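Note that the coordinates shown come from a computational prediction; the quantities given were computed from them, not determined experimentally.
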Amino acid sequence: MITTDELRSKLGPLGIWMPPPPGIGLDPDAYARQIEAAGFTSVWFPRMNSVEDLASIEPALAATERLVVGTGISSVWTWDATDLAAATDRLETLYPGRFVLGLGVSHAPLVEATGQDYVKPYTKMVQFLNELPPVEAPVVLAALGPKMLELSANRTAGAHPYFVPPEHTVFARQALGPAPFLVPEIAVSLTPGAEGAAHSRAYATRYLQLPNYTGNLRRFGYTDADFADGGSDRLIDDVVPYGPEAALARIAAHLDADADHVVVQLLGPRGGFAHGDLRALKGLTAGLR
């Protein structure tokens with residue numbers, strides 16, 4: 001298995017977080033090659049909740065030479081632990097050192113839509129880790145609060161927080177300690193002005209309806225007023241910045257807070273993925289460590 005130090009060295013500062021390409025009309029092979037050609041070292045995909053879902057992102061591995069693919073996340077409510085271990089080991093065997101398994105407890109509306117009760121998510125994660133056979137690929141948890149961060153440090157390679165300000169990355173590193181891998185996501189619009197703000201707020205509106213995220217943000221002083229109308233100026237500036245200068249500043253702030261690798265989600269109209277902004281992002285962030 002690749003070690004966390006090897007993973008740090010392999011990945012460097014920045015990767016990409018994006019919806020699965022087929023769902024947004026992109027060719028997965030071609031776009032993976034674009035990500036690698038632009039100089040990004042990883043791509044992370046959400047909603048990897050079945051064997052078929054993982055198969056849909058395998059072309060990103062097959063079409064590239066070095067690109068690391070992560071799940072952000074695979075839900076512990078939808079997978080059988082043994083099946084997920086087998087699917088993970090298959091990818092690790094075919095593409096050694098190029099797959100990271102991100103696990104998460106998802107959100108109440110999504111879990112309840114499957115007919116399950118969203119109760120004791122932390123206990124569910126512990127149970128799943130207990131049932132998960134050893135896998136060769138690194139495992140990280142979608143951890144926000146102190147208990148899940150502690151679990152990440154004690155039972156896995158690290159943590160993959162989502163929809164968080166740089167202050168959370170400081171908090172997460174303190175909770176994890178120096179050794180575990182820390183890879184936060186940040187969504188940014190590179191478009192300045194009112195148009196960029198609209199991109200950010202359209203995206204934020206979806207996540208501000210989910211208690212896991214708003215509850216975490218309250219730890220850092222955000223209130224109901226910050227969650228209204230697509231997010232206050234302060235929340236948008238901190239969590240979903242828009243415009244090149246603000247985007248660069250917040251990405252750098254996560255790295256300065258001792259994130260090992262930051263995965264960037266590029267936003268466009270209606271908060272969708274701005275697939276054409278890869279090279280602009282690379283140019284903007286060329287000076288980051």
Side-chain angles (χ1 to χ4, degrees), residues 1-4 6-7 17 19-20 23 42-61 68-162 172 175-176 179-185 210 212-213 216 263:
M1 180 191 297
I2 190 170
T3 68
T4 52
E6 290 169 338
L7 194 59
W17 196 105
S42 77
V43 60
W44 296 63
F45 299 111
R47 301 185 297 278
M48 294 292 106
N49 295 330
S50 68
V51 171
E52 293 75 18
D53 290 336
L54 285 184
S56 76
I57 62 170
E58 188 173 339
L61 290 161
V68 173
V69 172
T71 63
I73 47 91
S74 295
S75 172
V76 299
W77 299 91
T78 59
W79 276 98
D80 172 83
T82 301
D83 290 345
L84 181 55
T88 297
D89 283 342
R90 176 182 173 277
L91 291 176
E92 177 62 23
T93 298
L94 291 172
Y95 309 99
R98 296 180 56 203
F99 181 67
V100 179
L101 175 62
L103 296 175
V105 295
S106 190
H107 301 275
L110 301 179
V111 172
E112 290 166 357
T114 69
Q116 301 178 79
D117 294 326
Y118 191 75
V119 293
K120 297 184 177 179
Y122 174 82
T123 300
K124 177 70 174 179
M125 178 61 80
V126 172
Q127 177 186 349
F128 193 88
L129 291 175
N130 290 342
E131 295 172 353
L132 185 70
V135 295
E136 290 302 312
V139 177
V140 296
L141 302 187
L144 296 176
K147 289 179 64 177
M148 198 68 79
L149 286 164
E150 181 180 11
L151 187 67
S152 301
N154 292 339
R155 299 287 302 273
T156 75
H160 174 41
Y162 187 94
L176 291 170
F181 192 68
L182 178 57
V183 51
E185 174 271 355
L210 297 171
N212 288 3
Y213 293 131
N216 179 59
V263 286

Exercise. Judged by atom type as modelled, is there a donor-acceptor pair below 3.5 Å linking the side chain of N49 to the main-chain atoms of S75?
Worked result: yes
Exercise. When you measure from the side chain of E185 to the backbone N and O of P161, does any donor-acceptor pair fall under 3.5 Å?
Worked result: no
Problem set entry | Minimal non-hydrogen separation, A142 against I73, with atom names | CB-CG2, 3.7 Å
Exercise. CG/N154 to CG/L141 distance, rounded to the nearest 0.5 angstrom?
Worked result: 10.5 Å
Exercise. How about D53 and S50: does a side-chain donor come under 3.5 Å of a side-chain acceptor?
Worked result: yes
For this session: Calculate, to the nearest 0.5 Å, the distance between atoms CD and CZ belonging to E92 and R98 respectively.
Result: 10.5 Å
Exercise. Just checking, any donor-acceptor pair under 3.5 angstrom between side chains of Y162 and N212?
Worked result: no
Exercise. Does some side-chain heavy atom of L151 sit less than 4.5 Å from a side-chain heavy atom of Y122?
Worked result: yes
Problem set entry | Nearest atoms (heavy-atom pairs only) where V111 meets V105 | CG2-O, 4.1 Å
For this session: Please check if any side-chain donor atom of E131 sits under 3.5 Å from a side-chain acceptor atom of Q127, or the reverse.
Result: yes
Problem set entry | Heavy-atom side-chain proximity of L132 to W79 below 4.5 angstrom | no
Seminar exercise, completed: When T71, I2, V135 are each screened for side-chain contact (heavy atoms from CB on, under 4.5 Å) with F99, the one that passes is T71
Exercise. Can you tell if the side chain of S74 reaches within under 4.5 Å of the side chain of L101, non-hydrogen atoms only?
Worked result: yes
Exercise. Would you say the side-chain atoms of Y118 pair up with the backbone N or O of S106, donor to acceptor, closer than 3.5 Å?
Worked result: yes
Problem set entry | Minimum-distance pair of heavy atoms, taken over all atoms of A159 and L149 | CB-CD2, 3.9 Å
Exercise. Can you check whether T82's main-chain N or O pairs, donor with acceptor, with D80's side chain at less than 3.5 Å?
Worked result: yes
Exercise. Do D89 side-chain atoms and E136 backbone N/O form a donor-acceptor pair below 3.5 Å?
Worked result: yes
Seminar exercise, completed: Between R47 and P19 the two heavy atoms that sit nearest each other are NH2-CB, 4.1 Å
Problem set entry | Within-4.5 Å side-chain heavy-atom neighbours: F45 and V69 | yes
For this session: Please report the closest heavy-atom contact between W77 and P121, naming both atoms and the distance.
Result: CZ2-CA, 4.1 Å
Seminar exercise, completed: Between T4 and A179, the two heavy atoms sitting closest are OG1-O, 3.7 Å
Problem set entry | Note, L91 side chain near E58 side chain (heavy atom, < 4.5 Å) | yes
Problem set entry | Gap separating the CE atom of M148 from the OG atom of S152, nearest 0.5 angstrom | 7.5 Å
Exercise. Under the 3.5 angstrom rule, does the side chain of H160 hit a backbone N or O of V183 as a donor-acceptor pair?
Worked result: yes
Exercise. If we only count heavy atoms from C-beta on, is the L103 to F128 side-chain gap below 4.5 Å?
Worked result: yes
Exercise. When you look at CD of E150, are more than 12 heavy atoms from neighbouring residues, nucleotides or ligands closer to it than 6.0 Å?
Worked result: no
Problem set entry | Any L94 side-chain heavy atom under 4.5 Å of L61 side chain | no
Exercise. Side chains of R90 and Y95: closer than 4.5 Å at any heavy-atom pair?
Worked result: no
For this session: Would you sort out whether L84 and L54 count as a side chain to side chain contact (heavy atoms under 4.5 Å, CB included), showing the intermediate values?
Result: CA-CA 10 Å; L84 181 55; L54 285 184; 4.3 Å; yes
For this session: Check the pair L7 / V100 against side chain to side chain contact (heavy atoms under 4.5 Å, CB included), numbers first and verdict last.
Result: CA-CA 10 Å; L7 194 59; V100 179; 4.3 Å; yes
